[in-house]
2 protein chains.
Amino acid sequence: MSERKDVQPSGVPVPCLTCDARSGGVCGTLDAEQLASLAKASSKKRLESGAELIGDAQTVEAYSNILSGVVKLTKGLPDGREQIVGLQFAPDFLGRPFQDESAITAHAATNVVLCSFPKRTLEMLIKQSPRLEHFLLNQTLRELDEARDWMLTLGRKNALEKVASYLLLIARYIDPAVDPDSQSIAFDLPMSRLEIADFLGLTIETVSRQLTKLRIDGVIAVSQNRHIVVANPERLRMRSGC
Amino acid sequence: MSERKDVQPSGVPVPCLTCDARSGGVCGTLDAEQLASLAKASSKKRLESGAELIGDAQTVEAYSNILSGVVKLTKGLPDGREQIVGLQFAPDFLGRPFQDESAITAHAATNVVLCSFPKRTLEMLIKQSPRLEHFLLNQTLRELDEARDWMLTLGRKNALEKVASYLLLIARYIDPAVDPDSQSIAFDLPMSRLEIADFLGLTIETVSRQLTKLRIDGVIAVSQNRHIVVANPERLRMRSGC
DNA sequence: CGTGTGTTTGATCGCTTTCAAGTTCAGTGG
DNA sequence: CCACTGAACTTGAAAGCGATCAAACACACG
């Protein structure tokens, strides 16, 4: 690709012009020149649901911005038990800076579009740009807050509270202001029952039973397995334990 | 205190000269001038085991370095259930940058010595010192790794594996190279059975029973409640599920 | 129309919790 | 030094919740 086609008079690379992640994510912290050097080395990737992005103990040679879709981060025990330890949504940054080997596995939970770039390129930019490092610190702190919230759920909530908490988590991703108003909210679950179970530290059967319970109690309506209507978010919150 | 007594010819403030955290922690990233301005605003605090450092939803006006002891971070449910979501040891940095309200509670798990300084002072230094921000990013990434390890333990391990994992965690803090050699290792638990239970998402009775099981199996020896001798670290690791 | 995958439902089992004593330990005052 | 006291810990018995095993159901696809 020629420079003429790649770079606008404004200095913003063409592929970045229409990119949702440009303002929200990593790229929003870069000046035009830095953005250009990152864009030159980056490529858009489409992944089907279920595809593996990063393998456990695998050398990581790329970082990515999530442009759309949901990525799940998992850890496993030698005997096959699995736990999802994080969910990442657009426009999150994906990758573990300053560490060559990943201790976790990443999979596409839905169809996913990424903007990937080499580890080296980004690490060079980090050294140049305190704003970028500040952005990463903030995202990492947010992920840590989320992980700790989830530890409370995993360690101290019962099955019903776990499932209710999960539904609230997804509902809030769709509409962050879901609680105060008691409007109903509808969405499609980005994950299968097995994945939900791996997220909640439960089995599929238990997840299914708790969804049934919430359905019978009139808190939610379920259709086609994945489609959820939360009739009464406030009642769902009451069942989530907090 | 006069400057003459506070500052050495080298430029290193006197109280910092003998400080263990000076090289390992936040202060190691600062130049002499920055260290001096931080030292001027900081004060050493001794806290008894059980003291509250940061309350939930309380405005945080100070950050700290942990000079000695163990700090536990907890989250609770409205009905009183509690979960420990993190342990911090010297020379960790304590506090949640860029957020006025704490979402968690911090308590001294043992007697603790802190070096505290005002939020404002550190935030000013962060703006000046990319090295400091880099240090904080690294510590936060490490804490996130630890939190995710623990999510696997909370969600997918049974009671015996949880207790074994906890003992390994503490043993590794005492001696990081505890696994490869099969030497025995002895230490005092920094936490009560209730705290261990809150860490593992179990009850005190279950923690006690699993410790008894490990004792009967000859994996550990327990005396005076808190003192543990791990006779065979490798067998302990085998029982931890990974 | 059959096949396969994902989900629901049912019955039973087992682990962890709960409730209820005991026991050990550290601290205090005689 | 020892007896007393309260807190922390251990042990036991029973109950409950989620896991496991098994079967039925629903939907997509060839």
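Computed from a predicted model, the values in this text were never measured in an experiment. In what follows, every chain begins at residue 1, and chains take the letters A, B, ... in the order their sequences are listed.
- One atom, CD of A:Glu195, and another, C1' of C:dT7, lie 14 Å apart when rounded to the nearest Å.
- Regarding contacts with the backbone of C:dT16, every side-chain N or O of B:Thr203 stays at 4.0 angstrom or more from both OP1 and OP2.
- In this model, no side-chain donor or acceptor of A:Arg156 finds a partner on the base of C:dT17 within 3.5 Å.
- Note on B:Arg209: every side-chain N or O is 4.0 Å or more away from OP1 and OP2 of D:dA13.
- Taking atom CZ of residue A:Arg81 and atom P of nucleotide C:dC15, one finds them 13 Å apart after rounding to whole Å.
- Between the CG atom of B:Leu202 and the P atom of D:dC9 there is a distance of 15 Å, given to the nearest Å.
- Counting to the nearest Å, the P atom of D:dA19 and the CG atom of A:Leu200 are 10 Å from each other.
- Atom CD in B:Glu143 sits 5.0 Å away from atom CZ in A:Arg148 (nearest 0.5 Å).
- Closest to the side chain of A:Asn158, out of D:dG18, D:dT11, D:dT20, is D:dG18.
- The closest side-chain heavy-atom distance from A:Met191 to A:Leu87 is below 4.5 Å.
- Distance alone, capped at 3.5 Å, is enough to place a donor-acceptor pair between the B:Ser49 side chain and the B:Ala109 backbone.
- Formation of a donor-acceptor pair under 3.5 Å by the B:Asp217 side chain with backbone atoms of B:Val219 is not found in this model.
- Note that the OG atom of B:Ser64 and the CG atom of B:Leu47 stand 8.5 Å from one another [nearest 0.5 Å].
- Counting any heavy atom pair closer than 4.0 Å across all strands shown, B:Thr212 reaches sugar-phosphate atoms only and no base atom.
- Residue A:Ile204 is out of contact with every strand shown, counting any heavy-atom pair closer than 4.0 Å.
- Checking D:dT10, D:dG18, C:dT18 against the side-chain heavy atoms of B:Ser208 singles out D:dT10 as nearest.
- Remark: the backbone N or O of B:Ile204 is not paired with any side-chain donor or acceptor of B:Ser208 at under 3.5 angstrom.
- For B:Arg226, the side-chain atoms get nearest to D:dC9 when compared with the rest of D:dC9, C:dT18, D:dA19.
- In this structure, B:Gln83 contributes its side chain and B:Phe199 its backbone to a donor-acceptor pair below 3.5 Å.
- The distance from atom CD1 of B:Ile196 to atom C1' of D:dT10 is 14 Å, rounded to the nearest whole Å.
- At a threshold of 4.0 angstrom between heavy atoms, the contacts of B:Thr206 include nucleobase atoms, whether or not backbone atoms are also involved.
- Mapping B:Ser223 and B:Gln210 onto DNA chain C by nearest heavy atom places B:Gln210 closer to the 5' end of the strand.
- Going from atom CD of A:Gln224 over to atom P of C:dT5 covers 21 Å, rounded to whole Å.
- Residue B:Arg193 places its side chain closer to D:dC9 than to any other of C:dT17, C:dA11, D:dC9.
- Where A:Ala159 and B:Asn225 meet DNA chain D, the nucleotide closest to each residue was compared, and B:Asn225 sits on the side nearer the 5' end.
- Bending across the helix from C:dC1-D:dG30 to C:dG30-D:dC1, expressed as the angle between its end axes from five pairs apiece, amounts to 30° (10° rounding).
- Under a 3.5 Å cut-off, the side chain of B:Arg193 and the backbone N or O of B:Asn225 do form a donor-acceptor pair.
- A:Leu211 has its CG atom 14 Å from the P atom of D:dG18, to the nearest Å.
- In this structure, B:Leu194 places its CG atom 20 Å from P of C:dC25, rounding to the nearest Å.
- Among the nucleotides C:dT16, D:dC9, C:dA20, the one closest to the side chain of B:Glu205 is C:dA20.
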